[in-house]
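I have placed the structure first, in the form of structure tokens, so that the comments after it can refer back to it.
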There are 2 protein chains.
Amino acid sequence: MLTEKDIIFFTNLLGEDFCTKPHYLYAYSYDSTRLNFLPEAVIFPRDEIEISKIMSYCNQHNIAIIPRGAGSGMSGGSLAFKGGIILALEKYFNKILEIDSKNMLACVQPGVRNQELQNALNKVNLFYPPDPASMEFSTIGGNVAENAGGMKAAKYGTTKDYVLALRAVLPNGEIIRVGKKTIKDVAGYNLAGILIASEGTLGVITEITLKVLPKPKYSCALIASFANFKDAMNAVYESMSSGVIPVAMEFLDYLTLQAVKIKIKNDNELISFFNANALLICELDSMDKNSLNMQIKTLESIFKNNASLQTKISDTRQEFDLIWNIRRNASQAITCYGIKKLNEDITVPRSNLQTLLDGIYKIGQKYNFEIPCFGHAGDGNVHVNVMLKNNDQQTLERGYSAVKEIFELTIKLEGTLSGEHGIGISKAEFMPLAFSKAELDLMRSIKKAFDPNNILNPNKMGL
Amino acid sequence: MLTEKDIIFFTNLLGEDFCTKPHYLYAYSYDSTRLNFLPEAVIFPRDEIEISKIMSYCNQHNIAIIPRGAGSGMSGGSLAFKGGIILALEKYFNKILEIDSKNMLACVQPGVRNQELQNALNKVNLFYPPDPASMEFSTIGGNVAENAGGMKAAKYGTTKDYVLALRAVLPNGEIIRVGKKTIKDVAGYNLAGILIASEGTLGVITEITLKVLPKPKYSCALIASFANFKDAMNAVYESMSSGVIPVAMEFLDYLTLQAVKIKIKNDNELISFFNANALLICELDSMDKNSLNMQIKTLESIFKNNASLQTKISDTRQEFDLIWNIRRNASQAITCYGIKKLNEDITVPRSNLQTLLDGIYKIGQKYNFEIPCFGHAGDGNVHVNVMLKNNDQQTLERGYSAVKEIFELTIKLEGTLSGEHGIGISKAEFMPLAFSKAELDLMRSIKKAFDPNNILNPNKMGL
């Protein structure tokens, strides 16, 4: 609990930007997990110096600080799990500071939304590849804290592949600059590397320098249907090693496909693609038309060699959208299988995707749940959806048991608990499945090196 | 000094692979810096379990352990600076464990030479982009420890962009696996990220999983001459933002160009390119011929728009080599300016290259040294060569003063002390130029988190 002395400190420093009114506390009490924890206060620091003063004070007085961007996280990383103050960055740290085409980089404050940056870059023919599904509202700061991925990861990688430099405030109040505006930098430890994906537990990021790329001039969509998932995956492997790396390479399994079929109805001109057991939906891009055509030709030939039933390439923007709408409808469509969805973002090496799905369906049979799966075939990232027909405690508990078995299988198949969403609160209990005691101890030592008093986003990530 | 008890422990564990004979100690006392420190022993562990036992013992008995690959480092990272035992990995940790084209990765032991891996990948049409100049003899383990770069960094990035997972032995003897065989992984801290570039100070890396790429099918070389460096750099900026990113984009400054001209003599058919003040030498690659031609066309037009004096594209392998030999001759040719070379691998954002070079030449005038510069225009990495006409103490000291001023200028221009070689011993004293006390303290805390007794490659990196 904040003392009177604490309240005086924060009020003097922040005035109206120190908020304890109930509606503020409530507004900052949740994220995309739908978990809910009331913080003791919400603060909106105006600059790095204020953050430094806040951290320094909280460090001395053992007050928990939880940094927060848009609060769109999927694992509870920005929630005041066990009390503390929400340090909200969206109000004053929302500026694009620089777009520098000579060095091909953008420098932004953490509260800039991913889409805002995309729009600004688009104007000068540049682009920033990481495109989490939340990109319209999630912030770059949050993207860095969770190492956000997205559709384009198989070709373009994830957030960590684009962060060149960071400014951050440490729990002791010190301001550090880590990394450089250069591709090459091997002076000292890779501190930027460890801040990325640290879920706001090691430092408050105040400035982010990102590598950006020239915007590809041409793109198209491809859809292909297969009689079985194995053929589809063989097409994926062959494509990835051919040199034609699709920007996105998404799959829909049989259950998802059936659900989408019902949703889009018979009048959709792609309806014949649904007489299949697996779909691949791809996007290709290129700087020149010839090269795009070459990619299309190669991919069509690979699909054909791997027994595709039907393929179609988009010629117009309308066709592009028609194809991609199938993928976009997946998440909504599968609600036909149940009223509650337990969805996880596990990832395995793509060569293990088939074994993973087979195992997941077996777990589904065991617990009597439908578990439609779709996701990124290119990078092995699967959206697993355990569909519950009821919302009662017993069904929920069976659902969680199924999820736990899915995690165990994932780890057995050299996979990871999370490809995109992070650990936060919601996957914390599973960390010992994925890491040895020595590995967890090492993570705890690193947390301690940054934050000896455990005031910054404490009790997260199972550490 | 090793005690009799220590010697019994190591002899029992390692037999003949525990070496204290003088010729062994001497053979493992130097690296590419030409610095020289005799270790107390050299050991060749056979497997991870042995390394674990060794670390555990050394941790209990405060014995320094220095991991070593090929010993080809440029900053003294693998030297027994203040005594200790060299743990040499080249004898038993030299196997390529797996090349997996389904997941597009290679798994290797740390003692595998970069070129060996390239050769093995080449056979299955894959490639691993990081190509340090030392690639024929340097090991992947050393490349990871120093985050090696190379010619191809501007397009393909550095070692850190390719490391997916590591196995390592911690100073306390615990074996950890960090990272995954997947593009996406956000479970726990990015421990692989902090081990990369840690110069063997945090853990002994025992296995490395690397992302690999399909091998481009077509490539060519381009050479272009310019009346001044500014025009050349404008061509570089425009190229990088056009979407045509050359694999390599090297520059030679006026002094280097004059030196190479003398070396290659008048009968070289490219001699007319030397009537210039700056040269750019590029390599382009592509999966298809059309796209390569498109790149060539775009680049030629960009060069022309930026007042290139002359350009030539290689049509044959012979022409490719003729063009690249100019760049390859640079290092040797500049020895015409002095009998001793102080060379550094500083890097600045490429937009600051011009200002950096202007400043370096001024420092040259001040100290009366010729300082030819060449390097990677694409990524701002400059090989600066302070050429000394004498080898006496006074000249050397003046040389080091010039180098120090060059470092100060580099940091002022938002650059880094090292783009490729690391800090090790040779740049340790300059760390406070580049980092604040808070930043260095944080690095020391991280070192302590991994290695509380400071037994693993101690006294390096200025920490």
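Lettering of chains follows the sequences in order, A, B, ..., and the numbering in each one begins at 1.
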What part of Met294(B) lies closer than 4.5 angstrom to a heavy atom of chain A: side chain, backbone, both or neither?
side chain
Are the side chains of Pro214(A) and Ile245(B) in contact, using a 4.5 Å heavy-atom criterion?
yes
Using a 4.5 angstrom heavy-atom cutoff, name the option from Ala154(B), Gly150(B), Ala434(B), Gly378(B) with the most pairs to chain A.
Gly150(B)
So, for Pro349(B) and Asn103(A), which heavy atoms are closest and what is the spacing to 0.1 Å?
C-OD1, 3.4 Å
Side chain, backbone, both or neither: which part of Glu238(B) has a heavy atom under 4.5 Å from chain A?
neither
Turns out that what part of His376(B) lies under 4.5 Å from chain A's heavy atoms comes down to side chain
Quick one: does Asp185(A)'s side chain have a donor or acceptor within less than 3.5 Å of a partner on Gly419(B)'s backbone?
no
Would Lys102(A) and Arg350(B) count as a side chain to side chain contact (heavy atoms under 4.5 Å, CB included) if you check the C-alpha gap in whole Å, the side-chain angles of each, and the deciding distance to 0.1 Å?
CA-CA 7 Å; Lys102(A) 281 191 178 174; Arg350(B) 59 179 169 262; 5.9 Å; no
Counting only non-hydrogen atoms closer than 4.5 Å, does Val124(B) touch chain A with its backbone (N, CA, C, O), its side chain (CB onward), both, or neither?
neither
For Gly193(B) versus Asn190(A), what's the shortest heavy-atom pair and its separation?
O-ND2, 3.1 Å
Roughly how far, to the nearest 0.5 Å, is CG of Leu191(B) from CG of Leu442(A)?
5.0 Å
Chain B heavy atoms under 4.5 Å from Met104(A): which part of the residue, side chain, backbone, both or neither?
both
Do the side chains of Glu420(B) and Lys184(A) get close enough for a salt bridge, i.e. N-O under 4.0 angstrom?
yes
Could you pull out the closest heavy-atom pair between Ser241(A) and Ser101(B), with the gap in Å?
CB-O, 4.0 Å
Which answer fits Lys447(B), side chain, backbone, both or neither, if we ask what part of it has an atom under 4.5 Å from a heavy atom of chain A?
both
Which residue out of Lys289(B), Arg177(B), Glu174(B) racks up the most heavy-atom pairs below 4.5 Å with chain A?
Arg177(B)
Would you say Asp288(A) and Ser291(B) make side-chain contact, with heavy atoms under 4.5 Å?
yes
For the student: nearest non-hydrogen atoms of Ile183(B) and Ala153(A), plus distance
CG2-O, 3.8 Å
Proximity breakdown for Leu202(B) and chain A, heavy-atom pairs closer than 4.5 Å
side chain
Let me know if Asn147(A) has heavy atoms under 4.5 Å from chain B in its side chain, its backbone, both or neither.
both
Tell me, out of Ile194(B), Val178(B), Leu164(B), Asp100(B), who's got the most heavy-atom pairs with chain A below 4.5 Å.
Ile194(B)
Could you tell me which of Gly462(B), Gly415(B), Ser436(B) has the largest number of non-hydrogen atom pairs under 4.5 Å with chain A?
Gly415(B)
Side chains of Glu146(B) and Val186(A): does their closest heavy-atom pair fall under 4.5 Å?
no
Salt-bridge present (Glu414(A), Lys180(B); N to O < 4.0 Å):
no
Leu195(A) versus chain B, heavy atoms under 4.5 Å apart: side chain, backbone, both or neither?
neither
Segment of Thr182(A) engaging chain B (4.5 angstrom heavy-atom cut-off):
side chain
Ranked by heavy-atom pairs below 4.5 Å to chain A, first place among Leu463(B), Ile446(B), Asn172(B) goes to Ile446(B)
Count the heavy-atom pairs under 4.5 Å between each of Lys181(A), Lys448(A), Glu439(A) and chain B, then report the option with the highest count.
Glu439(A)
Turns out that what part of Ser242(B) lies under 4.5 Å from chain A's heavy atoms comes down to backbone
Residue selection (most heavy-atom pairs with chain A, distance under 4.5 Å) from Tyr237(B), Phe435(B), Phe450(B)
Tyr237(B)
Atom group of Lys211(B) that falls short of 4.5 Å from chain A, counting heavy atoms:
neither
